[in-house]
Engineer: 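For reference, the structure I am asking about is given below.
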Amino acid sequence: MSLLYGKSGEPVQIGPLIGRPGGGDIAKSVLKTLEIDFFPTVAHEENISDPGEAAAEEEGLIVPIPLLEEASVVTAPDDPDKVYKHDDDLLIETDVTVDALDSPEIADEYTSGADNAIGGTSTTWLAQTFTTDGIGYTILGVRVMLYRTSTIGTITVAIKATDVNGHPTGADLVSATIDGSITDAIQTENSGDFYDFMFAAGYALAPATKYAIVITVSSGTVYWRYNSSGSYAGGNREHSTNSGGSWTAYASHDYMFQTIKTEMGDVEPFPTVPAVGDGLYVGNASQFDTVRLWVNQQGLGSFTISAKYYNGSTWIALTLLGSGDQIFSYKRTGHRWLSFIRPTDWAVFTVDGNSLYWVKFEVATYSSMTQMPKIGNVSIGVYA
């Protein structure tokens, strides 16, 4: 049985079965299989004004077989920090609300065969056009596959109309940002990762109409991965070197993207005004090795979070594996996979009457939080 708690020991409001603090029954966990799809490592293009081709370098992977329960097997990476494609299936579902379990509904997408990347800057703008269906829909967000190689500023993803030639045109119809300057907000591995840009309010897209997803960054270079022989029929990759003044279309190229038309369920892991010691608890009846979740809204402010376990007398820091998620701050949107060395002195602790093995994501330092992080789809994994 897997439980998820927060706010200094109070249950987070995450359970149709746990419900709000102080009520509800607890149900058994559901076992599912997670299929992990790795992206090969590829060279990125340093010459962003003259995009070319980059050959993919296939990377061999040795994959151990982790076990969740008897006869329940999932595929796991040999390196826990490897990046893999967005997958909303869970390893083990924690008791969370229907909202927190909901996966977003994707309307338009192209997510296969990424073999190259182009860098965007404050003046070099990147775009992917797409065409809505015959009904149209309200777009709530965009998911794009990005990485960086150096320090960057604020990334903006906008939806624009297109002109008679199919190029982006006019003012932003709607937009969202991620502060790329935050440590670990955007990964540095050129395999890329999917990041979600959720709009503050939805925008109604007309039926059978071509629009453009446009990416810019205030400083530095952010790379957007694409397929150099893409087959998306509703649009293509676009490139501008003069801040959108003119565009060049690449008819056979498609960026990795998804448009989101239903909101992801999520929970807030902390009180409205957090304090040092507040935390999100993830627990299980037996010991485990990984915690997996989606950060649906980037946390902003001056605060840090540490991962701890209970050793029988006090909470102490976990020894984390790899570097990708060592700063588990909720300041990066998208998929987070935290792996750690299972402590030999890990002891059961009782939270709200539930005696389990817990990992606590605790507020270690706090000065301000200008935007509360929101998370969903929390699960755990156990290596054999």
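Scope of the values below: all heavy atoms of this structure, side chains included, with no hydrogens, waters or symmetry mates.
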Engineer: Would you say V214 ends up clustered with I260 if hydrophobic residues are merged whenever their side chains have heavy atoms under 4.5 Å apart, either directly or through other cluster members?
Structural biologist: no
Engineer: Tell me, please, which residues at least two apart from N311 pass side-chain hydrogen bond (donor to acceptor under 3.5 Å, both in side chains).
Structural biologist: S313
Engineer: Please say which of W358, W315, Y357, W346 ends up in a ring pair (Phe, Tyr, Trp, His ring centres under 6.0 Å) with Y310.
Structural biologist: W315
Engineer: Could you work out, with side-chain contact (heavy atoms from CB on, under 4.5 Å) as the rule, every residue matching S243, not counting sequence neighbours?
Structural biologist: T123, W125
Engineer: Side-chain donor-acceptor contacts of residues 170-178 below 3.5 Å, not counting sequence neighbours, with atom names and distances?
Structural biologist:
residue : atom : partner : partner atom : Å
D172    : OD1  : K160    : NZ           : 2.9

Engineer: What's the shortest heavy-atom distance between F270 and G279, and which atoms?
Structural biologist: CE2-CA, 4.0 Å
Engineer: Between R143 and F194, is NZ or CZ placed under 6.0 angstrom from the six-membered ring centre and within 45° of the ring axis?
Structural biologist: no
Engineer: Would you mind listing every salt bridge (charged side-chain N to carboxylate O under 4.0 Å, His left out) that reaches into residues 238-254, with sequence neighbours excluded?
Structural biologist: none
Engineer: My understanding is that only one of F257, Y226, Y250 makes a ring pair (Phe, Tyr, Trp, His ring centres under 6.0 Å) with Y232; could you say which?
Structural biologist: F257
Engineer: Quick one: list whatever passes ring-ring contact (aromatic ring centres under 6.0 Å, His included) with F197, sequence neighbours left out.
Structural biologist: none
Engineer: Regarding N116 and S228, do their side chains bring together a donor and an acceptor under 3.5 Å, going by distance alone?
Structural biologist: no
Engineer: Is there a path from F361 to V273 through hydrophobic residues (I, L, V, M, F, W, Y) whose side chains come within less than 4.5 Å of each other?
Structural biologist: yes
Engineer: With distance as the sole criterion, is a donor-acceptor pair present between the side chains of Y255 and N236 under 3.5 Å?
Structural biologist: no
Engineer: Taking salt bridge (charged side-chain N to carboxylate O under 4.0 Å, His left out) as the cut-off, I'd like each qualifying pair that reaches into residues 303-315, sequence neighbours left out, listed once.
Structural biologist: K308-E362
Engineer: So, using side-chain hydrogen bond (donor to acceptor under 3.5 Å, both in side chains) as the criterion, who are the partners of S246 when residues are at least two apart?
Structural biologist: N242
Engineer: So, using side-chain contact (heavy atoms from CB on, under 4.5 Å) as the criterion, who are the partners of S368 when residues are at least two apart?
Structural biologist: S302
Engineer: What salt bridge (charged side-chain N to carboxylate O under 4.0 Å, His left out) pairs are there with at least one residue in residues 207-224, not counting sequence neighbours?
Structural biologist: none
Engineer: Apply salt bridge (Lys or Arg N to Asp or Glu O under 4.0 Å) to D163 and list each qualifying residue two or more places apart in sequence or on a separate chain.
Structural biologist: none
Engineer: Do L356 and N284 come within less than 4.5 Å of each other through their side chains, counting heavy atoms only?
Structural biologist: no
Engineer: V217: what forms a side-chain contact (heavy atoms from CB on, under 4.5 Å) with it, not counting sequence neighbours?
Structural biologist: I152, I155, V222
Engineer: Under the criterion side chain to side chain donor-acceptor pair (under 3.5 Å), I'd like the reasoning laid out for N227 against Y110: C-alpha separation, chi angles, the key distance, then a yes or no.
Structural biologist: CA-CA 9 Å; N227 184 334; Y110 193 81; 3.3 Å; yes
Engineer: What residues form a side-chain contact (heavy atoms from CB on, under 4.5 Å) with A364, not counting sequence neighbours?
Structural biologist: T304, S306
